[in-house]
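As the structure is a computational prediction, the values presented were derived from the model and not from experiment.
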Amino acid sequence: MRVSASHSGIVRTRLMIVTSKYIKAPDIHRVQRALISVSDKENLVDFATRLVRHGVMLISTGGTAKAITQAGLPVSDVSQITNFPEIMNGRVKTLHPAIHGALLGVRDDPDHAAAMQKHGITGIDLVIVNLYPFEEICLSGANVDTIIENIDIGGPAMVRAAAKNHAYTAIVTDPADYEQVLAELDTHDGSLSFAFRRQLAARAYARTAAYDTAISNWFADTLGDRTPIWRAIAGKRHSVLRYGENPHQNAGFYRTGENRYGVATAKLVQGKQLSYNNINDADAAFELVAEFNPEKTAAVAIIKHANPCGVAKSSSLKEAYIQALTCDPISAFGGIVALNRILDAEVAEEIVKIFTEAIIAPDATPKAREIIAEKKNLRLLLTGGVPDPHTVGFRMHSVAGGMLVQSRDNSVFEEADLKVVTKRQPTAQELANMQFAFCVAKHVKSNAIVYAKNGATIGIGAGQMSRLDSARIAAQKARDATDAARLAQPLTKDCVVASDAFFPFADSFLSAIEAGATAVIQPGGSIRDEEVIAAADENNVAMILTGMRHFKH
């Protein structure tokens with residue numbers, strides 16, 4: 001691209017102005033004064049003690065100053081620096097020129113230096129601030145007044161001021177960074193490098209962005225605004241992954257502020273680090289089994305590439321696992337197994353019989369852990385609980401230049417919502433199996449067709465462009481399972497079938513009847529519903545319309 005001389009000159013001048021500030025900034029800057037104001041006092045005293053050993057003068061506020069004083073360390077209260085007391089129950093204490101001038105002053109700028117000297121402002125070289133625990137307070141179920149009081153104002157102001165002036169002031173927002181700060185001070189004899197100060201500044205801006213995200217989303221939820229004009233998304237890095245879906249893609253795993261049992265809350269008890277695909281599949285598997293109340297039934301799902309290979313519910317996890325595995329034992333090889341109850345020894349012994357990538361469960365008995373431990377590469381994830389499928393939340397998907405955000409599909413239909421549209425009413429057993437199958441279909445990639453019988457899937461067709469193809473694939477999977485189990489009659493005989501969306505034509509529905517289905521559950525809503533219902537009546541098949549679609553892409 002050609003650039004005119006005048007335009008090029010402007011660009012060079014701007015670059016020189018930006019660069020000159022960094023040239024003036026010292027590569028190594030000594031830390032003489034540090035301001036500490038933290039809500040999270042983890043390792044505070046040890047950190048402050050080691051700062052004092054480096055000859056650093058400490059300035060602090062409120063409870064932080066009290067903790068430092070009780071440890072026998074010298075500290076100056078902020079009010080001694082500002083000559084102004086804390087007011088309004090602590091809402092105003094650091095919002096003062098004596099503090100912000102000390103944070104923002106460009107030491108090598110003559111005008112800044114003169115202003116600092118005139119007003120008796122001495123620079124602050126290190127700021128340690130972690131913000132009021134807004135996210136935690138929200139999750140605790142506190143009342144509105146308490147939540148509002150935990151919106152930090154002075155903290156973010158100091159963080160952003162110090163980060164902006166990182167040429168001279170280092171900012172620390174996380175106790176996890178204390179050791180790195182101390183190591184830098186040891187390496188540089190009480191000083192911090194410019195590269196490190198800049199790195200801390202980047203982390204600081206990310207932290208305040210995440211903090212404001214939590215606040216903005218709380219306001220949106222409180223106001224019932226499901227599609228706010230500005231939608232902020234934030235997360236804290238949980239781990240750096242080896243790669244993404246493929247080895248040439250970078251990836252990281254981030255935790256949001258959502259208080260939901262699942263793969264993000266899980267403790268990896270054994271096995272190597274989870275991959276991007278492992279995490280995605282584990283999440284899909286655990287969200288699926290969470291549909292079934294563990295107090296009423298045991299449920300197991302086996303997932304491969306975000307789609308279920310088999311799902312079953314039963315009186316025991318062992319029986320549920322065996323039934324789920326029967327649905328598609330070939331695809332289950334190398335899959336993810338999710339359980340809605342505590343992993344016990346009986347089911348653990350069954351799972352380890354074939355190669356499995358990971359198991360995710362609320363917890364595990366000591367004996368089950370021993371059995372799993374014999375398979376060193378088998379990952380075991382324990383979440384601490386089962387998520388509530390009714391809980392509201394949102395999901396996002398990036399697109400070129402933007403992102404799609406939608407509410408979580410937390411709809412769980414009730415028996416009262418079901419509408420029988422055929423002459424034949426479903427039997428009680430058919431009804432139970434239809435409800436089960438439709439629940440599973442909600443977690444199968446569209447187009448989705450699920451055959452089920454006796455509380456277990458027997459054939460699943462997923463992710464096809466044609467619903468007819470999904471029906472045929474599901475039927476073929478069922479035939480393969482029949483052959484593998486060496487059964488005398490097809491598994492699909494007297495089964496039910498669920499579709500995640502309406503049947504646009506009767507052909508895919510008739511394919512299910514051919515396979516042996518005696519009852520069908522589907523959302524309805526097609527202009528050809530009457531044609532499909534008529535086909536059901538002609539074949540003495542019961543049909544239920546839910547009025548609720550479950551596309552999943």
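Rounding to the nearest 0.5 Å places CD of Glu135 at 10.5 Å from CG of Asn217. Between the NZ atom in Lys376 and the CD atom in Gln270 there is a gap of 7.0 Å [rounded to 0.5 Å]. To the nearest 0.5 Å, atoms CG (Leu131) and CD1 (Ile151) are separated by 12.0 Å.
Taking the six-membered ring where the residue is Trp, Phe47 and Tyr178 present parallel rings, their angle staying beneath 30° rather than reaching 60°.
Partner of Ser37 under the side chain to side chain donor-acceptor pair (under 3.5 Å) criterion, out of Thr64, Thr61, Asp152: Thr61 alone. Of the listed residues (Arg33, Arg30, Arg107, Arg197), just one forms a salt bridge (charged side-chain N to carboxylate O under 4.0 Å, His left out) with Asp125, and that residue is Arg107.
Proximity of Met396 to Ile233: side-chain heavy atoms (C-beta onward) are separated by under 4.5 Å at one or more points. The side-chain heavy atoms of Asp500 and Phe551, taken from C-beta on, include a pair separated by under 4.5 Å. In this structure the side chain of Tyr243 never reaches within 4.5 angstrom of the side chain of His248, judged on heavy atoms. Residues Pro156 and Tyr132 fail the side-chain proximity criterion, which asks for heavy atoms closer than 4.5 Å. Within the 4.5 Å cutoff, the side chain of Phe355 has no heavy atoms near those of the Lys375 side chain. Side-chain contact between Val56 and Leu126: absent, with no pair of heavy atoms (C-beta onward) separated by less than 4.5 Å. With a 4.5 Å cut-off on side-chain heavy atoms, Ile147 and Thr222 do not count as touching.
Within a 6.0 Å sphere centred on OH of Tyr276, heavy atoms belonging to other residues, nucleotides or ligands number 12 at most.
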Worksheet item: Given Asn277 and Ser275, is the side chain to side chain donor-acceptor pair (under 3.5 Å) satisfied, shown in steps?
Response: CA-CA 5 Å; Asn277 293 327; Ser275 70; 5.2 Å; no

Discussion item. With side chain to side chain donor-acceptor pair (under 3.5 Å) as the criterion, how do Asp388 and His390 come out once you've worked through the C-alpha distance, each side chain's angles and the decisive distance to 0.1 Å?
Written reply: CA-CA 5 Å; Asp388 181 354; His390 296 86; 3.2 Å; yes

Fill in: Derivation of the side chain to side chain donor-acceptor pair (under 3.5 Å) call for Asp77 and Gln80
CA-CA 5 Å; Asp77 193 274; Gln80 295 174 262; over 6 Å; no

